[in-house]
Amino acid sequence: MPDLHESNKTHAFMDAINKYAKQQRDKMQIEAETFKQEELFKVKEEVLKDCQKLVRKETYNIKSKLTREISKEDIKAKRELLLARDAIMKDVLKKAKDKLLKYTKSADYGELLKKQALNIISVLTNDQTKIYIKPGDEKYKNALSEIIGDKCTIAVDESITIGGLRGKNKAKGLIADETLDSKLREQVEWFEENSGLEIV
């Protein structure tokens, strides 16, 4: 009988060892699975972060590229608008200048010069005043001299290309510009400010 008892003890001991070994194996498997899951989670998190970084970087690159392209297109469009505006302005200026030059050949032009002479001598009353006319308007000298009398002298000014009069009084440091050239320049400035063709 001692052998049976000994055999049962051995068997119980072996069962206990096997049970303990199974528990340890199960525990190790659970720990290994947990470790594996944790590592997999970490890897997934890193991959997700890398993907997010890549998406942000690519988004930034795409936005930057689009911004550059839009900026280039915007500059190109502004340049084209500027050229078109300049062409319109040159055309308007040329037509206005042509009309003014045509006007200087009319009978009304002589009357305009007389009115301008009266305006100038009312402002520049000193006898040191000079009245300037454009080249080709010398034919109006006598009519203008009758208005201004001996107070002023009349001279030709090459810078007046369209017509009209300019008065200068060096003693007073005053200029009265009634030229059609200056009137046209004023209109060009007005046109630039009010035409609605400004480029922003």
Side-chain angles (χ1 to χ4, degrees), residues 40-117 119-120 123-124 129-140 154-170 172-200:
L40 188 59
F41 180 76
K42 285 179 187 175
V43 169
K44 282 182 184 177
E45 283 292 305
E46 284 183 31
V47 168
L48 186 60
K49 283 180 186 175
D50 289 346
C51 285
Q52 288 172 340
K53 282 181 188 175
L54 183 63
V55 167
R56 280 195 298 270
K57 183 179 176 187
E58 286 303 310
T59 302
Y60 174 80
N61 289 341
I62 290 169
K63 282 182 182 178
S64 294
K65 184 179 177 185
L66 284 174
T67 302
R68 283 191 303 273
E69 287 176 10
I70 289 169
S71 185
K72 283 180 189 175
E73 289 299 315
D74 192 38
I75 290 168
K76 182 181 175 187
K78 283 182 181 178
R79 188 177 298 124
E80 288 172 3
L81 279 174
L82 187 61
L83 291 172
R85 184 191 73 176
D86 288 348
I88 290 169
M89 285 181 61
K90 283 178 184 173
D91 185 50
V92 168
L93 181 62
K94 184 184 179 326
K95 286 178 181 174
K97 186 175 181 179
D98 290 346
K99 281 188 177 183
L100 289 171
L101 286 169
K102 186 177 178 182
Y103 174 74
T104 63
K105 293 177 182 22
S106 72
D108 293 336
Y109 179 61
E111 291 303 312
L112 174 73
L113 292 178
K114 289 177 187 177
K115 287 178 189 173
Q116 288 181 346
N119 290 340
I120 289 171
V123 175
L124 309 176
T129 297
K130 266 192 176 181
I131 305 276
Y132 294 95
I133 58 174
K134 78 170 185 170
D137 280 355
E138 292 89 348
K139 62 186 173 190
Y140 298 106
I154 298 173
V156 173
D157 184 344
E158 299 284 332
S159 71
I160 303 172
T161 58
I162 299 173
L165 302 178
R166 179 181 301 125
K168 288 184 184 177
N169 187 308
K170 286 186 180 179
K172 290 185 176 182
L174 296 174
I175 297 175
D177 194 345
E178 295 273 333
T179 62
L180 298 175
D181 303 64
S182 67
K183 305 284 185 212
L184 183 59
R185 272 193 304 275
E186 288 170 11
Q187 289 302 307
V188 168
E189 289 168 10
W190 180 90
F191 180 79
E192 287 175 345
E193 291 174 11
N194 299 290
S195 67
L197 295 175
E198 62 186 39
I199 313 294
V200 208

Q. Is there a side chain to side chain contact (heavy atoms under 4.5 Å, CB included) between L112 and L180 once you walk through the steps?
A. CA-CA 10 Å; L112 174 73; L180 298 175; 4.1 Å; yes
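Note: D108 CG to L113 CG = 11.0 Å, rounded to the nearest 0.5 Å. Rounded to the nearest 0.5 Å, atoms NZ (K168) and CG (L124) are 11.5 Å apart. To the nearest 0.5 angstrom, L100 atom CG is 8.5 Å from D181 atom CG. Distance check: L165 CG to D137 CG gives 8.0 Å after rounding to the nearest 0.5 Å.
Listed by first and then second residue, the salt bridge (charged side-chain N to carboxylate O under 4.0 Å, His left out) pairs that reach into residues 57-71 come to none, sequence neighbours excluded. Sorted by first and then second residue, the pairs that involve residues 97-106 and meet side chain to side chain donor-acceptor pair (under 3.5 Å), not counting sequence neighbours, are K94-D98. For residues 51-90, the set of pairs meeting the ring pair (Phe, Tyr, Trp, His ring centres under 6.0 Å) definition, not counting sequence neighbours, is empty. For residues 154-166, the set of pairs meeting the salt bridge (charged side-chain N to carboxylate O under 4.0 Å, His left out) definition, not counting sequence neighbours, comprises D157-R166, R166-D177. A ring pair (Phe, Tyr, Trp, His ring centres under 6.0 Å) check over residues 62-100, counting only residues at least two apart or in different chains, returns nothing.
Take E111 and apply the salt bridge (charged side-chain N to carboxylate O under 4.0 Å, His left out) test, not counting sequence neighbours, and it matches K114. For K72, there are no salt bridge (charged side-chain N to carboxylate O under 4.0 Å, His left out) partners two or more places apart in sequence or in a different chain. Applying the side chain to side chain contact (heavy atoms under 4.5 Å, CB included) test to S71 and every residue at least two apart in sequence or in another chain returns I75. Taking the side chain to side chain contact (heavy atoms under 4.5 Å, CB included) definition, one finds that K76 meets it with E73, E80, sequence neighbours left out. Take K183 and apply the side chain to side chain contact (heavy atoms under 4.5 Å, CB included) test, not counting sequence neighbours, and it matches E178, E186. Residues passing the side chain to side chain contact (heavy atoms under 4.5 Å, CB included) test with A96 are L184, sequence neighbours excluded. In this structure, the ring-ring contact (aromatic ring centres under 6.0 Å, His included) partners of Y140, at least two apart in sequence or on a different chain, are Y109.
Between D86 and K90 no salt bridge is recorded (no basic side-chain N to carboxylate O distance below 4.0 Å).
Proximity of I162 to T179: side-chain heavy atoms (C-beta onward) are nowhere separated by under 4.5 Å.
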